[in-house]
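Please read the structure below before turning to the comments.
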Amino acid sequence: MGHVIVVGAGQAGASCVARLRNGGFDGAVTLIGAEPVAPYQRPPLSKTYLMGDMTLERLFLRPESFYAENDITLRTDLRVEAIDPAARTITAAGETLRYSDLVLTTGSAPRRLPAAMGGDLKGVFLVRDLGDADAMAPLFRKGARVLVVGGGYIGLEAAAVAAKQGLRVTVVEMADRILQRVAAPQTSDYFRALHKAHGVDLREGVGLDHLVGEGMVTGAKLSDGSELDLDFVIVGVGIAPATGLAEAAGLVIDNGIATDAQGRTSDPHIWAAGDCASFPHQGARIRLESVPNAIDQAETVADNIMGAGQEYVAKPWFWSDQYDVKLQIAGLNTGYTRVVSRVGQGQTASFWYYREAELLAVDAMNDPRAYMVGKRLIEAGKTADPEIVADPEADLKPLLRS
Ligand SMILES: Cc1cc2nc3c(=O)[nH]c(=O)nc-3n(C[C@H](O)[C@H](O)[C@H](O)COP(=O)(O)OP(=O)(O)OC[C@H]3O[C@@H](n4cnc5c(N)ncnc54)[C@H](O)[C@@H]3O)c2cc1C
């Protein structure tokens, strides 16, 4: 009888073990996580949970009883330190466990500010774990002064929560514009205007020079020479895939733990899924940092451990919530040559990315129909007539029938 060990009790790890049991796997299943709690959802950490609108209980992906009821051994607060692929064992806290298949769902680690910039002062927070959100939540008091370093989705979501709670919020983004790495200028313009309308002091093309404080952060000096007095700082400057364990075991790393189309790493008994894994996609190798990818890829891996022999076909989508705007993104915009804007009433807008005539992706703000139509077209390999897209009065649904 087999023993599947899953390392990393986050979104992908939880999805993998659940799928193994739903799919009828009758060997032993162990899920090991370094955090002290059962698997939970991360997206609310910079949204409703940080806002205080979601209970801890609702954050958990499954009730704790789920694991025992499904004969899944959940080991929390345990960091796996090494893998021996030849012996098919892992070691954690002096204990050695043998596996028939090993799944690495180790996620990613947030980039920290270097200590030389004040990154280790008290009052400087990352937004990755439940512990991070719980530690900063009490500081979200009306009038408090917060600096958000990094204008990516997570930084902007945290800024939105802070502004909604009446904090005085400054965001600095070193690049020319917020969301530069992930979105078109049109999407950056939309979210810049939204944050400014909520009183956020948003500074683009301005980086952090260093934080100021003795023990506790009290201020910041920015790259343009300006200075800020602060109560705390939130750092959202990107993440790196957690590949250390895999690398030390000699697995091939290529922008993440490299897998084949089925999710298998360079070792035939070791698989990877979620934020930590890179995989073949339309002739390239990509890595996705999103909940839908973590779920779908981990479920494919579970199916393949049970012998399905299936290839993982990513259907990328993502979302972000800021103030009363819901952004939904379908597809991947890499390599776009043109963006078509569809601007409706109020805050409704969508931006459609094309590579020549091919539709690649859609950013839809408060427009679930544009998102739904765009997603279905992209998944079917169809495009959308830019003239119809650009006309906010034109019905999009007929595009699906063409
Ligand atoms: C604040 C925030 C907001 C987000 N918002 C969105 C959103 O709106 N939409 C969206 O699609 N995605 C969002 N994401 C991204 C999404 O949460 C991740 O893509 C997803 O959680 C990836 O799942 P995962 O299982 O690969 O990694 P994780 O959920 O990060 O889980 C990995 C786990 O592995 C553990 N681990 C690592 N190494 C070891 C080891 N050696 N031994 C034991 N355990 C180990 C880690 O402690 C961690 O618990 C957000 C992420 C954050 C942090």
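We count residues from 1, following the sequence as given. As the structure is a computational prediction, the values presented were derived from the model and not from experiment. One-based numbering, in listed order, for ligands and for the atoms of each.
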Inset, instruction - Report the nearest protein non-hydrogen atom to atom 44 (N) of ligand 1: residue, atom name, distance rounded to 0.1 Å. - result: Ala34 N, 3.0 Å
Inset, instruction - Indicate whether the side chain of Gln262 and that of Thr300 have a donor and an acceptor atom separated by less than 3.5 Å. - result: no
Legend entry - Lys382, NZ atom: more than 12 neighbouring heavy atoms under 6.0 Å: yes
Inset, instruction - Indicate whether any N or O donor in one side chain lies under 3.5 Å from an N or O acceptor in the other, for Tyr40 and Arg42. - result: yes
Legend entry - Trp317 N/O to ligand 1 N/O under 3.5 Å: no
Inset, instruction - Determine whether more than 12 heavy atoms belonging to other residues, nucleotides or ligands lie under 6.0 Å from atom CE of Met306. - result: yes
Inset, instruction - Give yes or no for whether the N/O distance cutoff of 3.5 Å, strictly under, is met between Val80 and ligand 1. - result: yes
Inset, instruction - Find out whether Asp101 and Trp271 are in side-chain contact, i.e. whether some heavy atom of one side chain is under 4.5 Å from a heavy atom of the other. - result: yes
Inset, instruction - Considering heavy atoms of the protein only, find what lies nearest to atom 24 (P) of ligand 1 and give residue, atom and distance to 0.1 Å. - result: Ala12 N, 3.9 Å
Inset, instruction - Heavy-atom distances under 4.0 Å are what count here, so tell me which part of Thr105 touches ligand 1: side chain, backbone, both or neither. - result: backbone
Inset, instruction - Take every heavy atom of Cys276, measure it against each atom of ligand 1, and state whether any distance is under 4.0 Å. - result: no
Inset, instruction - Consider only side-chain N and O atoms of Arg285 and Ser278, and report whether a donor and an acceptor are under 3.5 Å apart. - result: yes
Legend entry - Pair Arg376 + Glu379: basic N to acidic O under 4.0 Å: no
Legend entry - Numbered atoms of ligand 1 (with element) below 4.0 Å of Ile154, judged on heavy atoms: 1 (C), 2 (C), 3 (C), 51 (C), 52 (C), 53 (C)
Inset, instruction - Examine distances only and state if a side-chain atom of Arg342 and a backbone atom of Glu393 form a donor-acceptor pair shorter than 3.5 Å. - result: no
Inset, instruction - Select one of side chain, backbone, both or neither to describe which atoms of Tyr153 lie under 4.0 Å from any atom of ligand 1, heavy atoms only. - result: neither
Legend entry - atom 30 (O) of ligand 1: the protein heavy-atom neighbour that sits closest, reported with distance to 0.1 Å: Arg128 NH2, 2.7 Å
Inset, instruction - For atom 34 (O) of ligand 1, find the nearest protein heavy atom and state the residue, atom name and distance (0.1 Å precision). - result: Gly8 CA, 3.1 Å
Inset, instruction - Provide, to 0.1 Å, the distance between atom 31 (O) of ligand 1 and the closest protein heavy atom, together with that atom's residue and name. - result: Gly10 CA, 3.3 Å
Inset, instruction - Measure Leu78 to ligand 1 on non-hydrogen atoms and call it side chain, backbone, both or neither using the 4.0 Å cut-off. - result: backbone
Inset, instruction - Using a 4.0 Å heavy-atom threshold (strictly under), name the region of Gln41 that reaches ligand 1: side chain, backbone, both or neither. - result: neither
Legend entry - Note: Glu289-Arg287 ion pair, threshold 4.0 Å (strictly below): yes
Legend entry - Protein heavy-atom partner closest to atom 3 (C) of ligand 1 - residue, atom, separation in Å: Ser46 OG, 3.3 Å
Legend entry - ligand 1 to Ser108 polar contact by distance, N or O atoms, under 3.5 Å: no
Legend entry - Backbone or side-chain N or O of Ala242 under 3.5 Å from ligand 1 N or O: no
Inset, instruction - Would you mind checking which non-hydrogen protein atom is closest to atom 8 (O) of ligand 1, with the distance to 0.1 Å? - result: Lys47 NZ, 2.6 Å
Inset, instruction - Specify the protein heavy atom at minimum distance from atom 4 (C) of ligand 1: its residue, its atom name, and the distance to 0.1 Å. - result: Pro43 CA, 3.6 Å
Inset, instruction - Heavy-atom contacts with Glu35 under 4.0 Å: which atoms of ligand 1 show up? List them by number with element. - result: 47 (O), 48 (C), 49 (O)
Legend entry - Pair Asp134-Tyr49, side-chain donor/acceptor within less than 3.5 Å: yes
Inset, instruction - Before signing off on this row, confirm whether Ala294 and ligand 1 have an N or O atom pair separated by under 3.5 Å. - result: no
Inset, instruction - Check for a donor-acceptor pair, side chain of Arg355 on one end and backbone N or O of Thr337 on the other, with a separation under 3.5 Å. - result: no
